[in-house]
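What you see is a predicted model; the values in this text were computed from it and never measured.
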Amino acid sequence: MKRKQKSLLIGALILSFALTACGGNNAMNKANQAEEPGNATTAPIQEGAQDVQEVVEVSTVSQSDPYLKFDEGESFDKNAVYDAYEKDIGVKITNKWVADVTQFKEKLKMTIASNDIPDLMLVEATQLKDLADADMIMDITDVYDKNATEETKKFLTMDGGMQMKTATIDGKLMGIPSSYNPYQFQYLYVRTDWLKKLNLPEPKTMQDVMTIAEAFKTKDPGGTGKPYGLAVSKEPFKIDTGVTGLRAFLNGYHAYENMWMEDDNGNLVNSDIQPQVKDALKALQDMFKKGLIDPEFAVKDTEKEAELLYNNNVGLVFGASWTPAQLAKGAIKDGKVVQEWGAYPIPSADGKPTLNQIGLGVDQYYVISKQAKHPEGVIRLVNQWITVDNAMNQTDEQKIYLYGKDKEEKGNNYWLLSPLRVGKQLDNNGEILPKAIETKDASIIQTQDQKNRYERAMKYVDGSDINMWWEYLISGPNGASSHNPKMMQNKEYLQDKFYGAATPTMVERLELLKKKRDEIYFKIIMNQVSVDEFDKFVTEWKKLGGDDITKEVNEWYASHK
């Protein structure tokens with residue numbers, strides 16, 4: 001749910017995350033006896049225990065967030081959430097340091113380089129491997145097995161255990177995946193009021209997309225005098241670009257961004273150099289030549305490009321399921337819906353089903369320092385987070401983890417203070433929510449997330465809060481998630497086949513290869529070079545380490561099929 005931030009999360013989306021991150025009528029987990037310092041084999045937590053008899057300390061490092069607002073007198077060092085963890089599960093959380101989003105990653109690298117890491121920290125996949133190789137983090141196989149509750153173990157293996165495998169190196173569990181649902185599909189969002197105005201059909205093919213884009217450009221239904229066909233921002237191939245990206249556009253041409261897929265011989269190949277990419281780039285170049293893409297897209301971030309959506313310059317955009325939360329900025333004005341949008345599956349260029357590109361649902365890991373005295377405290381944190389996050393109805397005590405001491409939603413986003421957060425690997429929102437909202441039948445709701453979404457959407461339906469329009473476009477009938485059951489049933493998705501630790505050459509060369517890729521992709525899209533330059537790029541990619549990475553990946557794959 002949360003997971004992986006942060007290109008452009010507007011307030012409504014943050015609220016969504018906050019509400020999703022909560023629940024609860026389950027009793028709080030309680031630690032029973034305190035563990036001996038440094039002993040990873042202490043007694044497991046006993047759910048339902050009434051008292052915490054000893055408090056253990058877990059240090060971490062934190063990233064400040066502009067959406068996190070402290071109640072008066074509180075701070076990262078002292079706040080209601082940390083107090084709740086100490087009171088409820090006997091874990092005292094301390095910060096070695098706090099840095100803002102622009103400095104966090106760099107400071108984390110310095111911390112690792114200085115070998116002064118905290119007990120608990122969130123790291124990238126490549127850092128997980130580096131830290132394990134450097135013998136700086138703990139093999140938590142035993143401490144996890146003995147201290148994780150059955151609820152936690154079940155929760156973290158909903159996907160069959162794939163995400164946990166990615167945290168396992170040489171048979172040792174070296175971290176806890178910062179898990180999320182890997183079935184994060186993307187969709188095409190279209191101004192349906194403009195389709196009606198211009199008497200255009202709903203998009204079913206990529207050719208339809210071109211036709212609609214050209215009509216939106218030439219007929220200017222927004223009346224701005226400066227229309228374009230498709231919204232694209234400066235990082236279109238980055239996974240974090242949930243709105244104004246081009247990953248879904250590639251998928252429409254059966255092309256995929258930076259993933260490993262099987263060829264006809266059952267070997268893994270990298271998607272970035274496959275011939276289908278050339279087809280997609282040619283289509284984008286043609287759009288650019290026709291003025292269907294903003295000529296300044298390469299210097300605009302998502303928010304800047306999204307202004308074209310807000311201001312009626314553009315009526316087509318690809319994006320994640322939460323895109324309506326972004327679109328709401330332009331769609332709701334003065335208490336009225338002034339833009340009508342529809343959510344559609346990604347069209348296909350040739351009639352073959354489009355396969356929505358998905359990952360594994362994890363790209364970061366919580367690791368525990370080998371010097372940590374109380375690794376069991378970290379496992380208590382994950383136990384508690386899962387209990388609170390997934391309960392259907394929150395107790396007052398659990399509301400503290402989301403809202404702080406007042407236990408009321410004030411937009412403070414206190415859930416961001418929890419130092420370890422994992423998300424659900426699967427959901428059936430697309431099956432449940434559209435039916436519940438259409439029939440106004442809450443009795444079929446199964447999870448706290450669904451309950452929150454249903455209540456928000458119904459506020460739009462009954463007219464009590466028009467601002468909840470975005471949730472209706474996500475979860476309502478014909479909303480984004482309503483397309484998921486068909487895609488799941490027909491397996492209209494393609495999942496990355498590589499889930500191992502970064503290979504040696506990958507660590508050394510992958511960022512360089514992605515930089516080269518982006519350079520040539522951009523030049524082709526912007527018609528600065530011929531689309532045939534793609535072929536030269538493929539040759540260069542192989543020479544610059546791509547062939548070595550492919551060899552290493554296939555050696556891994558041979559032992560993991």
Side-chain angles (χ1 to χ4, degrees), residues 6-8 186 188 206 209-210 213-214 216-217 226-259 269-309 313-314 316-320 323 326 346 349 357 359 506 509-546 549:
K6 208 163 254 160
S7 55
L8 199 173
Q186 294 219 346
L188 173 64
M206 289 303 291
V209 173
M210 301 301 170
E214 285 200 57
F216 285 0
K217 166 70 178 176
K226 198 173 182 180
Y228 300 109
L230 177 68
V232 181
S233 61
K234 68 177 183 180
E235 295 184 310
F237 307 112
K238 191 176 179 183
I239 189 171
D240 291 341
T241 305
V243 189
T244 66
L246 289 172
R247 170 181 277 205
F249 187 97
L250 295 181
N251 294 173
Y253 285 83
H254 312 300
Y256 309 93
E257 182 269 330
N258 188 33
M259 67 184 296
V269 294
N270 189 273
S271 63
D272 288 350
I273 60 170
Q274 301 309 306
Q276 292 85 356
V277 176
K278 187 176 179 180
D279 297 335
L281 293 176
K282 182 179 185 309
L284 287 165
Q285 188 183 73
D286 290 343
M287 293 185 75
F288 190 86
K289 288 178 183 176
K290 294 176 181 177
L292 303 183
I293 295 175
D294 175 10
E296 298 179 350
F297 85 93
V299 295
K300 290 184 176 179
D301 61 19
T302 295
E303 183 58 27
K304 189 65 179 175
E305 182 70 11
E307 291 177 2
L308 297 177
L309 301 167
N313 301 88
V314 179
L316 275 173
V317 65
F318 288 95
T323 294
Q326 181 93 47
I346 304 170
Q357 176 177 350
M506 199 180 283
R509 292 302 181 99
L510 188 59
E511 287 306 312
L512 170 67
L513 293 175
K514 287 168 71 173
K515 186 178 178 182
K516 289 285 182 184
R517 177 201 68 177
D518 288 350
E519 285 177 1
I520 192 62
Y521 281 16
F522 268 68
K523 286 182 178 179
I524 292 173
I525 293 170
M526 300 179 75
N527 196 31
Q528 294 173 352
V529 298
S530 164
V531 72
D532 290 334
E533 288 293 316
F534 176 80
D535 301 323
K536 295 180 182 176
F537 158 70
V538 172
T539 302
E540 188 178 17
W541 185 92
K542 292 180 176 179
K543 289 181 179 177
L544 289 175
I549 294 175

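Using a 4.5 Å heavy-atom threshold, the side chains of Ile549 and Leu513 count as touching. Residues Gln285 and Asn527 have side chains in contact (heavy-atom distance under 4.5 Å, counting atoms from C-beta outward). Residues Phe216 and Val314 fail the side-chain proximity criterion, which asks for heavy atoms closer than 4.5 Å. For the pair Arg517/Phe537, a side-chain contact is recorded, criterion being any heavy-atom separation below 4.5 Å from C-beta on.
Atom NE2 of residue His254 and atom CE of residue Met206 lie 10.0 Å apart, to the nearest 0.5 angstrom.
A donor-acceptor contact shorter than 3.5 Å links the side chain of Gln274 to the backbone of Asn270.
When the options Phe288, Phe237, Trp541 are evaluated for a ring-ring contact (aromatic ring centres under 6.0 Å, His included) with Tyr521, the one that passes is Phe237. Each of Val232, Leu292, Ile525 was checked for a side-chain contact (heavy atoms from CB on, under 4.5 Å) with Met287, and the lone residue meeting it is Leu292.
A salt bridge is absent between Glu533 and Lys523; no separation between the charged side-chain nitrogens and carboxylate oxygens falls under 4.0 Å. For Lys300 and Glu307, the salt-bridge test fails: no basic side-chain N is under 4.0 Å from an acidic carboxylate O. One finds no salt bridge joining Lys238 and Asp518 here, because no Lys/Arg side-chain nitrogen approaches an Asp/Glu carboxylate oxygen to under 4.0 Å.
Between Phe297 and Phe522, the ring planes lie parallel to each other; the angle is under 30°, not in the 30° to 60° tilted range.
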